[in-house]
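Here is the structure we will look at.
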Amino acid sequence: MNIQQLAISAVLCLLPSRALADSQLTEADIIKLVKESPAVQGMKLGAQQAQLNSNQYSEKFGSQALTSVQHTDSNELPNFPGAPVFAPTSTYSVGVHKNFKGGVSASLTAFADQRSSTDGSIANLTKSSFDASLSIDLWKNFLGRQDDKQWQSLELQRKKQEIESEINVSAVSYDVRKTYWALIANRESQKLAKGLLGNAKRQLKETERRYKASVANVSDVSRLKAQVASRSNVLNSLKYQQTALEQHLRSVLPQLAGKPLNLAPVNLDSVILDVMQCTGNIQASSINPLNNTRYAELIDILDQKYEQDRALTSKYSDVDLKLLSTYKISGRSDNYSDSMQNINDETMTGFSMGLQLTVPLGGTKSASKKSLERLQRSSYDFEKRDLLARLKAQRVAISPQIELLYATVEGQKQNTKLLEKSARNIEKQYKQARISIIELIREQDALQDSQLKEIDAYLLVVNSLFDYLKLFQKTPCNLNV
């Protein structure tokens with residue numbers, strides 16, 4: 001590879017990073033980065049674990065192949081004269097076993113056994129057989145009642161974890177978007193502060209000119225210098241807030257680490273219209289707000305899962321009664337092939353049936369059952385009450401909050417308009433030498449404070465709206481993405 005090719009390769013490698021550095025971040029970009037962030041990926045682990053638990057439970061009902069090979073030899077003496085001692089002995093078996101969800105398990109096994117006696121009286125006695133076994137639960141898991149409830153409980157847990165994961169991801173997205181909009185508000189505040197700083201510097205320059213012409217006094221110059229310093233401090237404070245917000249955004253979205261944050265321009269008038277449309281929809285949905293939240297699904301699943309778990313626990317200390325049966329066909333000869341053939345030609349059959357009863361003794365199982373029932377009930381009550389309380393608190397608070405915030409915004413806008421008008425008149429009066437510099441500075445500082453507070457009020461409205469949408473995720477709203 002020549003030098004020209006190396007140069008072209010280096011430029012191509014640098015193009016993506018340069019493009020990323022120069023690109024402007026939009027709110028849509030932030031939302032996409034949230035979904036790809038390590039924190040969000042970690043939130044999905046609960047759903048993945050629940051899916052794994054369901055899969056592992058399904059393994060219980062899979063088919064299994066069973067094989068065994070055994071060879072034994074012995075030189076022991078007979079227990080009594082004439083009793084045969086079999087050695088060597090070779091045993092082979094291969095079969096299939098399966099559990100069914102109806103409380104039934106079945107197996108089919110092919111078996112071969114060949115043995116000889118140590119005294120030579122019996123040589124290569126070979127027996128081959130096919131065994132079919134069936135086990136049926138007659139009580140605790142009759143007709144698969146426990147299997148079905150256990151499966152439904154696991155599936156409900158999987159759905160619950162998936163919904164919780166989606167809710168948590170949405171909540172993180174809204175929190176990150178709060179930071180994004182705080183940066184947008186900070187940018188607007190900095191624009192305003194820079195403009196006011198520039199105006200203060202022009203006033204200072206004009207007053208210094210007037211001072212040289214003996215029209216203004218030294219105290220006027222000093223006060224305007226103080227105003228320039230004060231507005232510089234306001235701007236520096238806003239820049240510090242910007243760096244803190246950017247640091248927080250990078251900590252939540254490590255994909256932005258080491259890259260400049262260049263936010264794309266925003267149509268604030270359009271955003272204000274979206275906010276008003278959202279708040280209008282919220283106030284219109286007061287009849288049944290649970291229709292607009294995924295927590296309603298979560299509560300429904302929580303109820304269903306508790307009923308399944310309660311039914312499972314009710315059988316925790318019950319006796320276990322099973323019907324066991326085996327049917328066998330076999331053939332015998334002095335070699336494997338003939339013994340297999342004799343299964344058809346000289347069939348020998350056998351059948352067995354019995355009951356197996358398992359009864360817990362002592363009171364440990366009953367005590368564990370009671371503890372488990374209390375734990376399940378407490379966990380269910382706490383989780384459901386917590387969800388309902390959060391939804392109710394947010395729902396009750398949002399309408400008064402919106403009304404108060406809108407009143408604050410409107411009041412602040414009105415205050416700013418009045419102060420702007422007053423500031424223009426005061427500035428004219430100052431130029432006409434009708435008022436002192438102190439009055440001018442006081443009026444301009446009041447206007448600056450009102451303008452900054454107006455931006456903060458809009459940000460409070462957005463933050464309150466996002467807090468509501470974190471809980472009521474299905475509210476029709478352009479900002480609800």
Side-chain angles (χ1 to χ4, degrees), residues 57-148 150-151 315 317-361:
Y57 185 73
S58 297
E59 293 174 7
K60 175 182 175 182
F61 303 103
S63 299
Q64 294 178 311
L66 307 173
T67 61
S68 69
V69 177
Q70 184 177 7
H71 180 81
T72 60
D73 203 350
S74 175
N75 59 0
E76 63 183 275
L77 297 175
N79 292 329
F80 55 88
V85 176
F86 290 102
T89 300
S90 298
T91 304
Y92 309 89
S93 70
V94 59
V96 177
H97 177 82
K98 181 174 177 60
N99 292 319
F100 297 91
K101 288 186 178 179
V104 177
S105 63
S107 60
L108 182 64
T109 306
F111 179 84
D113 179 272
Q114 186 179 75
R115 59 185 61 200
S116 302
S117 62
T118 54
D119 61 3
S121 59
I122 300 174
N124 297 329
L125 175 62
T126 306
K127 181 181 179 181
S128 299
S129 66
F130 289 99
D131 298 358
S133 299
L134 187 68
S135 172
I136 303 175
D137 199 303
L138 299 178
W139 187 258
K140 192 173 184 178
N141 192 28
F142 182 61
L143 298 179
R145 292 177 299 188
Q146 294 294 92
D147 290 338
D148 184 58
Q150 183 66 46
W151 171 252
K315 301 290 184 182
S317 59
D318 275 12
V319 299
D320 198 359
L321 179 64
K322 291 181 180 179
L323 174 66
L324 307 176
S325 62
T326 302
Y327 180 75
K328 177 186 294 187
I329 57 173
S330 59
R332 186 180 296 169
S333 185
D334 58 358
N335 60 72
Y336 290 110
S337 59
D338 288 344
S339 67
M340 290 294 292
Q341 182 62 39
N342 285 338
I343 291 177
N344 290 324
D345 298 342
E346 300 177 11
T347 304
M348 295 183 292
T349 62
F351 179 76
S352 67
M353 180 179 288
L355 294 174
Q356 177 182 296
L357 179 64
T358 304
V359 180
L361 299 178

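Here the structure is a predicted model, which means the values were calculated and not measured.
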Next on the checklist: Working to the nearest 0.5 angstrom, can you tell me the gap between Met353 CE and Leu323 CG?
Outcome noted: 5.5 Å
Checklist entry - With respect to Val104, which candidate in Asp137, Leu134, Asp147 satisfies the side chain to side chain contact (heavy atoms under 4.5 Å, CB included) definition? => result Leu134
Item to check | Expected output: side-chain Asn99 to main-chain Lys60 donor-acceptor under 3.5 Å | outcome: yes
Checklist outcome for this item: In terms of heavy-atom contacts, Phe100 and Ala106 come closest through CE1-CB, 4.2 Å
Checklist entry - Are the side chains of Met348 and Arg332 in touch, meaning some heavy atoms are under 4.5 Å apart? => result yes
Checklist entry - Just how far is it from atom OH of Tyr92 to atom NE2 of His71, taken to the nearest 0.5 Å? => result 8.0 Å
Item to check | OG1-CD1 distance between Thr349 and Ile343, expressed to the nearest 0.5 angstrom | outcome: 12.0 Å
Next on the checklist: With a 4.0 Å cut-off on N to O distance, would you call Asp113 and Arg115 a salt bridge?
Outcome noted: yes
Checklist entry - Please walk me through it: do Ser128 and Ser339 pass side chain to side chain donor-acceptor pair (under 3.5 Å)? => result CA-CA 6 Å; Ser128 299; Ser339 67; 2.6 Å; yes
Checklist entry - Is the charged tip of Lys140 near the ring of Phe142: under 6.0 Å from the six-membered ring centre and within 45° of its axis? => result no
Item to check | Minimum side-chain heavy-atom gap Asp320-Leu357 below 4.5 Å | outcome: no
Next on the checklist: Using 0.5 Å steps for rounding, measure from the CG atom of Leu324 to the CD atom of Gln356.
Outcome noted: 5.0 Å
Item to check | Working for side chain to side chain contact (heavy atoms under 4.5 Å, CB included), residues Trp151 and Lys101 | outcome: CA-CA 9 Å; Trp151 171 252; Lys101 288 186 178 179; 4.1 Å; yes
Checklist entry - Quick one: does Lys322's side chain have a donor or acceptor within less than 3.5 Å of a partner on Leu355's backbone? => result no
Next on the checklist: Rounded to the nearest 0.5 Å, what separates atom OG1 in Thr358 from atom CG in Asp318?
Outcome noted: 12.5 Å
Next on the checklist: Restricting to non-hydrogen atoms, name the atom on Trp139 and the atom on Val319 that form the minimum distance, rounded to 0.1 Å.
Outcome noted: CD1-O, 3.3 Å
Item to check | Ring geometry between Tyr327 and Phe351 (parallel below 30°, tilted from 30 to 60°, perpendicular above 60°) | outcome: tilted
Checklist entry - Under 3.5 Å, side chain of Asp131 to main-chain N/O of Thr109, donor-acceptor pair present? => result no
Checklist entry - Counting only heavy atoms not in Tyr57, do more than 12 sit closer than 6.0 Å to its OH atom? => result yes
Item to check | The single option from Asp334, Asn124, Thr126, Leu125 passing side chain to side chain contact (heavy atoms under 4.5 Å, CB included) against Ser116 | outcome: Asn124
Checklist entry - If you round to the nearest 0.5 Å, how far is CG of Asp338 from CG of Asp345? => result 9.5 Å
Item to check | Any side-chain heavy-atom pair of His97 and Ser63 under 4.5 Å | outcome: no
